Amino acid sequence: MGRVGVLLLNLGGPEQLQDVRPFLYNLFSDPEIIRLPFAWMQKPLAWMISTMRYKKSQENYKAIGGGSPLRRITEEQALALQGSLQEKGQDIRVYVGMRYWNPFTEEAVAKIKRDQIEQLVILPLYPQFSISTSGSSFRVLEKLWQQDPSLQKIDYTVIPSWYNRPGYLQAMAELIHQEIEHCEHPEQVPIFFSAHGVPVSYVEEAGDPYRDEIEGCTAAIMQTLNRPNPHVLAYQSRVGPVEWLKPYTEEAIPELAEQGVKELVVVPISFVSEHIETLEEIDMEYRELAEESGIEKFHRVPALNTHPIFINDLADMVIEALDAPNIKFSDVVHPGKQTKLYPQERWEWGLTTTAEVWNGRLAMLGMMAILLEIITGQGPLHFVGLL
Ligand SMILES: C=CC1=C(C)c2cc3[nH]c(cc4nc(cc5[nH]c(cc1n2)c(C)c5CCC(=O)O)C(CCC(=O)O)=C4C)c(C)c3C=C
Ligand SMILES: [Fe+2]
Ligand SMILES: [Fe+2]
């Protein structure tokens, strides 16, 4: 066996307040997050959304200490995984590639080339697959591979998702169990799974398996936990005007309060690291909402970070993947080019013979909207909630 590597993929997050704006620009430039009918509009729109949104976003990062801990935690996970592989007799180097911030996926791939890795396991740190997360990172890699014959020599395999791994489930169940034991009524307290949302169109039009995997993951964790507590699944972090997966976390919490729930255990399930959506959105915004709604005790289960059972399972997953048939980028879900992602319908109406004319007119309208937002700070994008 030649030199072996693991590439851990994650989203990345701004490390300091001044990173927030360029980070948001990178995120909204991604057609897997927002896809517009005209590619040329992508960058101006990303520039505009990041310019108008960054101050609000900076406030949130300020509230958690001035930056995202995602890089630090992901690098700790990488080190722990490398150590665990070493203990299992595997001399494997672990690399970290982020989609929208440092260390970028491209830099990780450059290191992999420099180290002359011959066999590579590509492992996203998202337990469930979504075209907006793992799928987007795979797209970047697929392009790099297409452009570079030296990368094509690497014997690589992809792990698309792993939400039903026994070690992951056991580690999650252990953390939930520990949190429940701190509750006033451990036998009755409802377990509230809060998954990251995606627009419904990703699932229903683009074929994203995300909702199925989230539901499968929740059921598997409950089975592993083996407790009588009731549980609820809802989706958090909605951005913009289109319909996202429901129920929304911000509606489900007050509904539980109305039903008389006084104590709640919240479990973030789309992430394996603490980051802004656990530390700010759940710990601050949803906690406040819960308390205002009448829920007196709000508990949050910590993210796995470097939980030893989880890291050990990641190591086993890598070793198993090395022996299993390879999974290629082309084997993983790709949304079609015409698939509407995000609020595309606001810019494009139908594929009729008059669509070309309409598209031209709408492009003009789009540009006018952008100018209006820039000049006045108000306009259609504020109206639909994107800014
Ligand atoms: C606008 C659309 C977005 C989709 C779709 C989306 C999906 C998605 N995201 C994560 C995980 C993370 N998101 C993070 C940051 C982040 N995501 C969006 C937007 C979408 N995400 C924005 C605008 C931001 C920036 C933060 C903000 O301004 O609110 C992060 C990084 C967090 C950090 O600590 O910096 C993660 C991680 C998942 C799992 C997901 C779909 C399944
Ligand atoms: Fe988000
Ligand atoms: Fe996100």
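In listed order, ligands and their atoms are each counted from 1. Side chains included, hydrogens not; waters and symmetry mates left out as well; all remaining heavy atoms used. In this text, all values refer to a predicted model and were calculated from it rather than measured experimentally.
For the pair Arg53 and ligand 1, a heavy-atom separation below 4.0 Å is found. Heavy atoms of Gly12 approach ligand 1 to within less than 4.0 angstrom. Not a single heavy atom of Pro69 sits less than 4.0 Å from an atom of ligand 1. Contact between Tyr100 and ligand 1 is absent, with no heavy atom of the residue lying under 4.0 Å from the ligand. Put simply, part of Tyr61 is less than 4.0 Å from ligand 1, judged by heavy atoms.
At a heavy-atom cutoff of 4.0 Å, ligand 1 is contacted by no atom of Ile34, backbone or side chain. Here Leu27 has side-chain heavy atoms under 4.0 Å from ligand 1, and that is the only part of it that gets that close. At a 4.0 Å heavy-atom cut-off, ligand 1 does not touch Lys56 at all. Looking at Ile276 against ligand 1, both its backbone and its side chain come within 4.0 Å, counting heavy atoms. By the criterion of a heavy-atom distance under 4.0 Å, neither the backbone nor the side chain of Gln128 is placed next to ligand 1. Contacts of Trp244 with ligand 1, taken as heavy-atom pairs under 4.0 Å, involve the side chain alone.
Ligand 1 places these atoms under 4.0 Å from at least one heavy atom of Phe23: 25 (C). Less than 4.0 angstrom separates some heavy atom of Phe28 from each of these atoms of ligand 1: 1 (C), 23 (C). Listed by number with element, the atoms of ligand 1 under 4.0 Å from a non-hydrogen atom of Pro14 are 35 (O). Of all atoms in ligand 1, numbered sequentially from 1 with element shown, those under 4.0 Å from a heavy atom of Leu24 are 25 (C), 28 (O). Close contacts of ligand 1 with Val198, meaning ligand atoms under 4.0 Å from a residue heavy atom, involve 41 (C), 42 (C). Close approach of ligand 1 to Ser132 is summarised as follows: ligand atoms under 4.0 Å from at least one heavy atom of the residue are 7 (C), 41 (C). Under a 4.0 Å criterion applied to the non-hydrogen atoms of Gly13, ligand 1 contributes the atoms 35 (O). Listed by atom number, the atoms of ligand 1 under 4.0 Å from Ser57 heavy atoms are 27 (C), 28 (O).
Partner Ile191 forms a side-chain contact (heavy atoms from CB on, under 4.5 Å) with one of Leu233, Val301, Val267 and no other, that one being Val267. None of Gln77, Arg72, Arg71 except one satisfies the side-chain hydrogen bond (donor to acceptor under 3.5 Å, both in side chains) rule with Glu75; the exception is Arg71. Screening Asp19, Val20, Leu279 against Tyr61 for a side-chain contact (heavy atoms from CB on, under 4.5 Å) leaves a single residue, Val20.
A salt bridge does not link Lys246 with Glu255: none of the charged nitrogens is closer than 4.0 Å to a carboxylate oxygen. Comment: Lys113 engages Asp148 in a salt bridge, judged by a side-chain N to carboxylate O separation of less than 4.0 angstrom. Salt-bridge annotation for Glu187 and Arg227: present, with a side-chain N of the basic residue lying under 4.0 Å from a carboxylate O of the acidic one. A salt bridge is absent between Arg99 and Glu106: the closest approach of a Lys/Arg side-chain nitrogen to an acidic carboxylate oxygen does not fall below 4.0 angstrom. The pair Arg3-Asp91 fails the salt-bridge criterion, with no side-chain N (NZ, NE, NH1 or NH2) lying under 4.0 Å from an Asp/Glu carboxylate O. Of the charged side-chain nitrogens involved, at least one lies within less than 4.0 Å of a carboxylate oxygen, so that Glu274 and Arg300 count as a salt-bridged pair. Salt-bridge check for Glu59 with Lys62: passed, with a basic side-chain N closer than 4.0 Å to an acidic carboxylate O.
Annotation: cation-pi pair Arg21/Tyr54 present, NZ/CZ under 6.0 Å from the ring centroid and within 45° of its normal.
Between Arg165 and Met317, the closest heavy-atom pair is NH2-N, 3.7 Å. Contact record, Leu175 with Pro302: CD1-O, 3.5 Å, taken as the closest heavy-atom pair.
In the candidate list Pro199, Pro268, Ser68, Ser68 is nearest to atom 34 (O) of ligand 1, counting heavy atoms. Of the candidates Thr133, Ile73, Ile131, Leu70, the one placing a heavy atom closest to atom 39 (C) of ligand 1 is Thr133. Nearest to atom 10 (C) of ligand 1 by heavy atom, out of Glu15, Gln236, His196, Met98, is His196.
Not less than 6.0 angstrom separates the ring centroid of Phe28 from the ring centroid of Trp47.
For ligand 1, none of its N or O atoms has an N or O atom of Ser130 under 3.5 Å away.
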